[in-house]
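Encoded as structure tokens, the structure appears first; notes follow it.
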There are 4 protein chains.
Amino acid sequence: MNSNRDYQKVLKNIYNQLLFEEDFGTVASYIPELAKVSPKKLGVYLQTNDGEGYAYGDANEKFSIQSISKVFSLSIALSILGPSLWKRVGVEPSGTAFNSIVQLEYEKGVPRNPFINPGAIVIADILVTYLNNPKQDFLNYVRTLSGEETIDYDLKVANSEKKTGYLNAAHINMLKSFGNIQNDVEEVLDFYYHQCSLSLTCKELAQAFNAFANQDKPFLYNGITLSKSQVKRMNAIMLSCGFYDESGEFAFRVGLSGKSGVGGGIAAILPRGLSIAVWSPRLNKKGNSYMGMRFLEEFTTETDLSIF
Amino acid sequence: MNSNRDYQKVLKNIYNQLLFEEDFGTVASYIPELAKVSPKKLGVYLQTNDGEGYAYGDANEKFSIQSISKVFSLSIALSILGPSLWKRVGVEPSGTAFNSIVQLEYEKGVPRNPFINPGAIVIADILVTYLNNPKQDFLNYVRTLSGEETIDYDLKVANSEKKTGYLNAAHINMLKSFGNIQNDVEEVLDFYYHQCSLSLTCKELAQAFNAFANQDKPFLYNGITLSKSQVKRMNAIMLSCGFYDESGEFAFRVGLSGKSGVGGGIAAILPRGLSIAVWSPRLNKKGNSYMGMRFLEEFTTETDLSIF
Amino acid sequence: MNSNRDYQKVLKNIYNQLLFEEDFGTVASYIPELAKVSPKKLGVYLQTNDGEGYAYGDANEKFSIQSISKVFSLSIALSILGPSLWKRVGVEPSGTAFNSIVQLEYEKGVPRNPFINPGAIVIADILVTYLNNPKQDFLNYVRTLSGEETIDYDLKVANSEKKTGYLNAAHINMLKSFGNIQNDVEEVLDFYYHQCSLSLTCKELAQAFNAFANQDKPFLYNGITLSKSQVKRMNAIMLSCGFYDESGEFAFRVGLSGKSGVGGGIAAILPRGLSIAVWSPRLNKKGNSYMGMRFLEEFTTETDLSIF
Amino acid sequence: MNSNRDYQKVLKNIYNQLLFEEDFGTVASYIPELAKVSPKKLGVYLQTNDGEGYAYGDANEKFSIQSISKVFSLSIALSILGPSLWKRVGVEPSGTAFNSIVQLEYEKGVPRNPFINPGAIVIADILVTYLNNPKQDFLNYVRTLSGEETIDYDLKVANSEKKTGYLNAAHINMLKSFGNIQNDVEEVLDFYYHQCSLSLTCKELAQAFNAFANQDKPFLYNGITLSKSQVKRMNAIMLSCGFYDESGEFAFRVGLSGKSGVGGGIAAILPRGLSIAVWSPRLNKKGNSYMGMRFLEEFTTETDLSIF
């Protein structure tokens, strides 16, 4: 890649190529509010560490980032607790689907990693314990990270998920029975559903993730600070565990650190290089955006940018 | 066994023999209120189908019957729904501990049998749906079955269990996520904890269970009616699934149909012969009364009474 | 049941009734030699403890008894080792399909019970250790039990199974890795495949099983002796574990102790009453004879004979 | 890192620092021949893509590379079959210990990845099918990769492993029962045990792995050729799956692609930068070299070299 103009061209070329490919995914239906989104959306935003940004397609439309928010909450918990965080949650891939309760029981209430739902719920519990105003503080942090003050929770989505969230209620009660939840179950779930309901555009997401791609810039946002080594570790966890039971496939086909959400978003990082966010609502069988993965696969193939 | 006097002597002999044996069990501690019971209690009551009763030890002291109540609730659900009940719960032994959530997930929300906690919670949901006044109706039924109007819920135990019942909350939410709970989660759990908190004496328990031992007498109590074939099936399920992950061991060593509870009670049946209830609070590693099982093992050995 | 003539009539009536029912089973195909059997066969033989026998249908045709042979081998191992046998194999239902290797790993090489394949292979290992001429001694024992000297192994079946028995090879190597196989792997499997290949008629099978139904007659056949208590325990294990993952269902619907085989046979027992063998090759999804179970269900319903 | 002299100093400093740390690992005992190695060995060799090499400690002593050989065999299979390879083996981390047979059964005979034993056995089966002289061809390939003609199998180790390899025998029979092994079971295991018995020094190992670190150099060794994209994918699989159930931890603490073996070796790669091999026989509880991981953790911390 020689110049900024090339990136714009690459995004456009891939976008146009994918228009002719069949989308084998289906929109997530378990959160009723999410099922209303038009399945044809496709947007991408690339943010280089040099400060250049490139948009294509529906890059400036808000969507529900869902599990991508787990990266933000993990970074806060890591900043607060440091290495002692790893007593409450592991860093290993789960080897099973994202909502399996089996492993949780087997591992005695210590979730395999912070990105499967039980792990993210433990992280939410930590934030409820340590933040003064959990929901407001979390929101302010994401606003600062992305540089957009308009970012907000989507209360319809939060409520929609809460009403049907029996599996998460099963998880948190299981965790509580093992002593790995300190706060009231309802309060933690309320925070968790707000966190997942955040609406961002591809642009805002890529801008927020650039903080994790830029190891040579101090990480300090709204009082949340991470060392260079901690930023690297965020990237390592994203690579190992960011895509449910398809993390190996993503490393294999794409070769970037990243995190997906059931809203169809994927935010990815080339450490010391760039961040990129893609959005396409239809999910493959493993729960990751079908076209989002295709886009990033083509992107690293064409640009020869990859961790490996 | 030739005469009534023999039974009295058998109970006495076994009781005195066990006084010299070490009790390798420990009192259940996960329900705080249960941990207060004196661990040295030992009582037994035998009720023949001919109407004779034999008591020894602490046979007239109330204790928390806990999971033994699942036999009563199952009989009501079977009476109401008939064979369609088996779409919501199976009849196979679980092959794992009584509170494992693994199998529940694997079997897509249909609990293996009505005696593991998730199965009993589904049964509780059915009773909440079909009984007019679930808690009162259930109480009246057990009172009629046992012929003792003083039987009641122990609200301290019910509350103690509710406060620490995160695992049951996990189970019911998991069941709800699979669509196998029709009522409000809190309402079902409230009924379930009441049901488990019933206090009965060995005498009352043996009298209540005699209805299941007496296949040749019409089963009709407080409007709950079972056919002869259904009574047999109750006994079959008790034999296959009545002792958590130790049902095979109980069939092997004792050879009666029965059900245990973490309060240390065991109610057992020789079909067409007798019912017998034992109580000793210390539990073995599988969660069944250590001395209760020893007592019944000696009983069937000495009397040569057994299903097999 | 009032007279012997009634039994003959009952068998005839059920047989004729089942002719008009659809057989929803399918013949086992994983052992090629077994797939050659005519799927329409249906035979039954009832042997009372009084010495009366009743046949109907294909009751005198030989078929491969397969897993039913595990009852014979277990009785020998129990006779030789007594209670120390239970250190090498358990007595609990498996809660999963008959060929699952999962539980074996989880339980550290001690199979759940002697009727799942890994358990039966451990029993075979014991017989190879303790019998002077394992294959000949085992054959002689079954001949004496049934009173028919013509009983023999079907070498075609034994070889057919050996050639495709990779799963059993997996099991025995797993068991060996846990130290629960003492002899050479090949030698044990050779004995095991011979054991399973035994060909008996319904009549021979019912006669052989009568020894387990007749607790009041001394059990002594070819030097193999069991106490009355041990005979009862054989029946308890059959009831708890005799039908793979359908033992609860069999207890529930039929209410007899018994053991099935993939050749389509079922041998069952009413303790202190009678033994009965049914044969119909088509298996239901759990691996048990579809019509065999239907026959026995009708039998206990019509005669009101049942353990419960 | 500014100059070559710095690398030598870094290796020395870390080596000397670790001499004062307690080694919490224990030497693998399940392969008797491996248990004979002195537990105090510690060697390291770093090979830059520029062709410079740096040794420290026992860097020139041969040791059994064991599972590290799976990287070599995978590269051959990938070269031969291309993408169709992924029908027979996956690319996802296993989420459980390296010898678990559970997942294999659950996934219907398709191992999760080529580095758990069942996966490596499938790869061995492929090599037995496609190589003319499997053992000799494999040896020649590794010799060419590392540039050392003296590399050879250690037949004592191969035999030692074969004699006690009941678990691998269980795996391969399980795979065969699912149709995922094409050759004779004994022949494939014989090749597999030879492959694992290869003896290399840290220097030879680092030199061999440099081929995978050097994406910009054509990969062609003894007729085995990989595209640039395929070399990247080798690195992605190593990062996701190279350390049994500790791959996430390795990515998190070290941040390199790599593969460990129970002989105590670890070979790791910084894509487009360098390869490094460490050897220290004592293994942590997850089966990876305790000091080897410590060494690499210190190495990436001090040099600030890491994928992330």
Side-chain angles (χ1 to χ4, degrees), chain B residues 83 86 89-97 100 102-103 106-107 112-116 212-213 215-216 227-257 269-273 286 297 300-301 304-308, chain C residues 78 83 86 90-97 100 102-103 106-107 112-116 212-213 215-216 227-257 269-273 286 297 300-301 304-308:
Chain B
W86 312 118
V89 66
V91 296
E92 294 302 324
S94 65
T96 45
S100 173
V102 174
Q103 221 153 16
Y106 186 73
E107 311 252 356
R112 294 277 293 176
N113 66 63
F115 292 158
I116 52 173
F212 301 103
Q215 282 80 338
D216 298 321
S227 70
K228 188 172 176 177
S229 165
Q230 285 175 322
V231 171
K232 285 186 186 182
R233 288 176 173 200
M234 292 288 304
N235 284 324
I237 297 172
M238 278 191 248
L239 191 86
S240 297
C241 318
F243 293 83
Y244 309 128
D245 193 27
E246 203 173 40
S247 294
E249 182 80 8
F250 191 81
F252 177 79
R253 280 171 46 195
V254 177
L256 300 175
S257 286
I269 283 165
L270 179 70
R272 305 167 200 236
K286 300 291 180 89
E297 182 179 12
T300 56
T301 303
D304 200 21
L305 294 170
S306 146
I307 284 177
F308 302 107
Chain C
L78 185 56
W86 312 118
V91 296
E92 294 302 323
S94 65
T96 44
S100 172
V102 174
Q103 221 154 13
Y106 187 72
E107 312 252 356
R112 295 276 294 177
N113 66 62
F115 293 158
I116 52 173
F212 302 102
Q215 282 80 337
D216 298 320
S227 69
K228 189 173 176 175
S229 165
Q230 285 175 322
V231 171
K232 285 186 187 181
R233 288 176 174 201
M234 291 289 304
N235 284 324
I237 297 173
M238 278 190 249
L239 191 86
S240 298
C241 317
F243 293 82
Y244 309 128
D245 194 27
E246 202 173 38
S247 295
E249 182 79 9
F250 191 80
F252 177 78
R253 280 172 45 195
V254 177
L256 300 175
S257 287
I269 283 164
L270 180 69
R272 304 168 201 233
K286 300 291 179 90
E297 183 179 11
T300 56
T301 302
D304 200 21
L305 294 169
S306 146
I307 284 177
F308 302 109

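Here is how names work: the chains are called A, B, and so on, in the same order as the sequence lines, proteins then strands, and each is numbered from 1.
Residue with the most contacts toward chain C among B:Glu246, B:Gln215, B:Arg253: B:Glu246 (heavy-atom pairs, distance under 4.5 Å). Between chain B and the options C:Arg233, C:Met238, C:Glu249, C:Met234, the largest number of non-hydrogen pairs under 4.5 Å is found for C:Arg233.
In terms of heavy-atom proximity, C:Val254 sits nearest to C:Ser306 at O-CB, 4.3 Å. For C:Ser247 against C:Cys241, the heavy-atom pair with the smallest separation is OG-C, 3.3 Å. When all heavy atoms are compared, the tightest approach of C:Pro93 to C:Ser240 is CB-O, 3.7 Å.
Proximity to chain B is absent for every atom of C:Ile269, based on heavy atoms less than 4.5 angstrom apart. When heavy atoms are compared at a cutoff of 4.5 Å, C:Ile237 approaches chain B solely by way of its side chain, counted from C-beta outward. The contact between C:Asp304 and chain B is made by backbone and side chain atoms together, counting heavy-atom distances below 4.5 Å. No part of B:Ser229 comes within reach of chain C, as not one of its non-hydrogen atoms sits under 4.5 angstrom from that chain. Residue contact with chain C, scored on non-hydrogen atoms closer than 4.5 Å, involves the side chain of B:Arg272 exclusively.
Annotation: the span from C:Thr300 atom OG1 to C:Leu270 atom CG amounts to 9.5 Å, rounded to 0.5 Å.
Classification of the C:Phe252-B:Trp86 ring pair by plane angle, with boundaries at 30° and 60°, yields perpendicular.
Listed for the B:Asn235 side chain is a donor-acceptor partner under 3.5 Å among the backbone atoms of B:Phe212.
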